[in-house]
2 protein chains.
Amino acid sequence: MSTSENALSIFALGGINEIGKNMYVIQHEDDILVIDCGSKFPDESLLGIDLIIPDLTYLEDNQEKIRGLLVTHGHEDHIGGIPYFIKKLNVPIYATKFTLGLIELKLQEHRLLADTKLIPIDADSKLEFGKMNVSFFKVNHSIPDCLGIVFGTPEGNVVHTGDFKFDLTPVNDQHSDIHRMAEIGTRGVLVLLSESTNAERPGSTPTELKVGNHIEEAFMKAKRKVFVSTFASNISRVQQVVDAAIKTNRKLALLGRSMVNVVDVAMERGYINIPDGMLINAQEVNNLDPEKVCILCTGSQGEPMAALARLSNASYRDVHVIPEDTVILAAGPIPGNEKNISRIIDNLFQLGARVLYGGSSTGMHVSGHGYQEELKLMLTLMKPKYFIPIHGEYRMLHQHKLLAESVGVESENIFIIQNGDVIDINHSEARQTRKITAGDTYVDGIGVGDVGDIILRDRKQLSEDGMVVTVVTLSKRDRKILSGPDTITRGFVFNRDSEDLLREVNRLVKKSILDLQSENRYQWNAMKQDIRKSLGQYLFAQTKRKPMILPIIIEV
Amino acid sequence: MSTSENALSIFALGGINEIGKNMYVIQHEDDILVIDCGSKFPDESLLGIDLIIPDLTYLEDNQEKIRGLLVTHGHEDHIGGIPYFIKKLNVPIYATKFTLGLIELKLQEHRLLADTKLIPIDADSKLEFGKMNVSFFKVNHSIPDCLGIVFGTPEGNVVHTGDFKFDLTPVNDQHSDIHRMAEIGTRGVLVLLSESTNAERPGSTPTELKVGNHIEEAFMKAKRKVFVSTFASNISRVQQVVDAAIKTNRKLALLGRSMVNVVDVAMERGYINIPDGMLINAQEVNNLDPEKVCILCTGSQGEPMAALARLSNASYRDVHVIPEDTVILAAGPIPGNEKNISRIIDNLFQLGARVLYGGSSTGMHVSGHGYQEELKLMLTLMKPKYFIPIHGEYRMLHQHKLLAESVGVESENIFIIQNGDVIDINHSEARQTRKITAGDTYVDGIGVGDVGDIILRDRKQLSEDGMVVTVVTLSKRDRKILSGPDTITRGFVFNRDSEDLLREVNRLVKKSILDLQSENRYQWNAMKQDIRKSLGQYLFAQTKRKPMILPIIIEV
């Protein structure tokens, strides 16, 4: 990319047409700043894949120009890719104190902490990189210490909102700085990138404060133990559970590794108030009267190995849900997790618990992402010339575009982009012209990017109909069959019930080889192809299944 | 089971703690009546499984006692298992005219139509089987011609509601017969089995009539073609689309095999009114002005091969969605289908269509299952002594129990059962004591019940980490290695990038064999076990993956 032609360029390496793996890039001449490096979870079609991170090709090719990674907040879809990023691109990371705490936990796990440069910032920090200056503004979201970012460039100001809502009565003083946003708008915004998660939802998010009221009410009514499951990172929610426990004179146990770790970071760095002596260990739960205990646990998304799932299976070692206990699910389901969550609720009911579920309908949860009126407020405060809706699937970006038009952004100045589409800005005029490499990189075990379409296609075939391995040994000398065919299947049919089928398979393999030999054809490839074809047809006719067929020919 | 002890028995073979594969059994002495025979779709954990049907063991063991299969209505979760049932248990099927039409389509597909006895009934039919008499009552649901069933037995009356809601202004005269229900209640109900699908939802379902108003409004506003996707079997909904098309002077094309088939059954049997000359073929759509066409299509659940998905990919041959077309999703998402549906909506927006989605929030869909107030109305009308909530997951059964208590059913007379739990009734007293065989039977290809836990476990391992096949040929004479080890992998690592890994695998296999031989151990099992262990450890350390390892040893 010839930087002389393109003074300022903006693009996404993740987060567009998807929820997850957010990564945006601002490049001014030879200075590149990266915003966020998220991960996302694979859907069921990506068999065996553990995690998806952004494709970093462009950044690796332009490594020497990258000045830093700026992180808006500490959610997985904004920090989950950082260890993989840092392994390839060891640039300084700028983030607030709480966000850095969560990033440190990740780097520690990957043994990268010592070698990574972490630079704490706050809403008042000012940074300079080449001809760009960078400043910040506080936004409110469902995790503490979130920032929006302003990039001052010679072409004009570019604003990235991060994730946000406008909760005017937030918990623990996590206010949006509306005054500063207004100032930024007054100074002039050339391009706004604003998140679109809830662009389909009319109205405004209810305040977190109300959630606290409902939680307190549930605690008041509870006769025995109270369990609350929520996102560990939602420290405001955790604080409200702590407050309700204090009011009802209950001790607090934390279950689940991320709950323990994140609350630890929050306590250590001053983002949560938990009185001394209030926290107890899981083992101590049974020593106290049930009405004196509250348990905060992970697993609100139905994760099968997390604390809540294990509690619901009665397989948690030290703590048990028993009749008349109260279980509160203080989190909404992320789309795709509904089934796992429902199963847990069913199990908890079967244990005799009073289960308060259904997220926002019970008042136990509010979204962290602004609804339509809040998105309009951001657009109104910023008054951008150009608008790029980010962080959402296509229908959300589309709805966000309509919202922007409704508050006066010119329709032709709104860019609905794809990951990899570049918006180039020259003389303060923006155009969408080029594309750079972008896409999904799969993490599978310790492999990053080594699982491609062929492996996934094979896994899919294996997962649906299993496989058939058939081995024949031929004599090098006279090409006679010395051993076999021997056939093994896995995931296809139950071998013991399928003796006739396997006998016929062996007969067909032998026939393929002898038929070809009678035509003086001895190439392995031809034999294998013929075996695959004849077995494929026979097995499909017999079973309506299409196993993977692996013929193996040995010559001795 | 000794029938002399148990005069009357009631149990479920499917439909409890699940949504799907409904099947209930009423047995009086030596007479068995089966209610419904549904199927359900597997979740993602059941790799490769096509369909789940009830375990029929009990019925097969008591074949000579079965007097008939009574079918309440024509939805898949009530009729989907019938072909598999009929192959094993060829008993007469009793159902209304429309329901029989849908059953016939199924039997035809399985080439069973000629050999099955189908007996049409209506709400006024009276049947007798041994000492039981059977009568019916009309209920309203989201498919025409639905029945509830009353079993008159010497012990008392047993009522099965089928699926129902109380829509007082239904379309096409599909009224609930509330008067008859009241009479049944007045005569006395010993046991009520009532469906629980929406037991979690407060209030009452909105009327289908309102859906018609919203559809009509959308048709009025539409500038070009209108596409509507809904369940083919929801003939009331289809009728309202037809009516809106008539009012706005549009011809109607039907896309998707089930839409064509089901509308055909409905027209032929008089359940829908479509004026002559209104229906056009898909090929004719392009010959007409866009504002003169309406297209009804399958695929409202996001099924990847159905018409709507293909339209959204621009891969439908004769019909195309173009900018300013209107697409209405007039169906709610069945839990688990949200992601596929969202993808389609995104694609339709990208094609430039106006998409009306979000089910009940846009007024384009109402549920077919009664909400809490309607469930209470049924309980109130029937005034049962005993109540068995059916058709729902545990939390729904639990909520339905609370509703029953709230209208006066004694708590100890309510049975939350599992599939296979038997309620025995003697001298009009009910007790839950025994269990019979019940569970899921998997249909995979043409195999019914042949895929068990081992095959599924293998498929899971293959799907996540693929496999490694390693072959060694030994000499029978001196046990020397004649050929190999040769190693092939699929779904594990990309072979071309993993030459070092595979070289080490071959070395380890050779080492295993030689080490054992040096101890004079030549058993294949020992060798295979040793190879599996040493490769498993090595491969996990190298890749953090656990492929299936298949050692094959040949002797020649």
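Letters go in sequence order (proteins before strands), and every chain restarts at 1.
Side-chain N or O atoms of B/R395 include none that pairs as donor or acceptor with a backbone N or O of A/D346 at under 3.5 Å.
Looking at B/I454, the atoms closer than 4.5 Å to chain A (heavy atoms on both sides) all sit in the side chain, from C-beta outward. For A/I552, the part sitting under 4.5 Å from any heavy atom of chain B is the side chain, from C-beta outward, and nothing else. When heavy atoms are compared at a cutoff of 4.5 Å, B/E338 approaches chain A solely by way of its side chain, counted from C-beta outward. Residue contact with chain A, scored on non-hydrogen atoms closer than 4.5 Å, involves the backbone of B/E555 exclusively. When heavy atoms are compared at a cutoff of 4.5 Å, A/F492 approaches chain B solely by way of its backbone atoms N, CA, C and O.
Between B/I49 and A/E464 the shortest side-chain heavy-atom distance does not fall below 4.5 Å.
Taking chain B as the reference chain and counting heavy-atom pairs below 4.5 Å, the highest number among A/M548, A/K460, A/M396 is found for A/M548. Across A/G466, A/S483, A/S342, the residue that shares the most heavy-atom pairs under 4.5 angstrom with chain B is A/S342. Top candidate by heavy-atom pairs under 4.5 Å with chain A, chosen from B/L550, B/I345, B/V355, is B/L550. Each of A/E393, A/Q350, A/E200, A/R343 has some count of heavy-atom pairs under 4.5 Å with chain B, and the biggest count is that of A/Q350. With chain A as the partner, the residue from B/D486, B/D458, B/D444 showing the most heavy-atom pairs under 4.5 Å is B/D444.
Residues B/D43 and A/K339 are not paired through a salt bridge, judged by the lack of any N-O separation under 4.0 Å between the basic side chain and the carboxylate.
The 12-atom threshold is exceeded at OH of B/Y538, counting heavy atoms of other residues, nucleotides or ligands nearer than 6.0 Å. At most 12 heavy atoms of other shown residues, nucleotides or ligands fall within 6.0 angstrom of atom NZ in B/K546.
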key: Derivation and outcome, side-chain contact (heavy atoms from CB on, under 4.5 Å), residues A/R490 and B/M467   = CA-CA 10 Å; A/R490 287 289 185 279; B/M467 64 171 181; over 6 Å; no
inquiry  = Evaluate A/K544 against B/V443 for side-chain contact (heavy atoms from CB on, under 4.5 Å), listing each step before the verdict.
reply    = CA-CA 11 Å; A/K544 291 275 177 293; B/V443 180; over 6 Å; no
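Nearest heavy atoms, A/V493 versus B/I455: C-CD1, 3.4 Å. Minimum interatomic distance between A/Q399 and B/F349 (heavy atoms only, all atoms of both residues): NE2-CZ, 4.1 Å.
Put simply, CZ on B/R459 and CG on A/L47 are 12.5 Å apart, with the number rounded to the nearest 0.5 Å.
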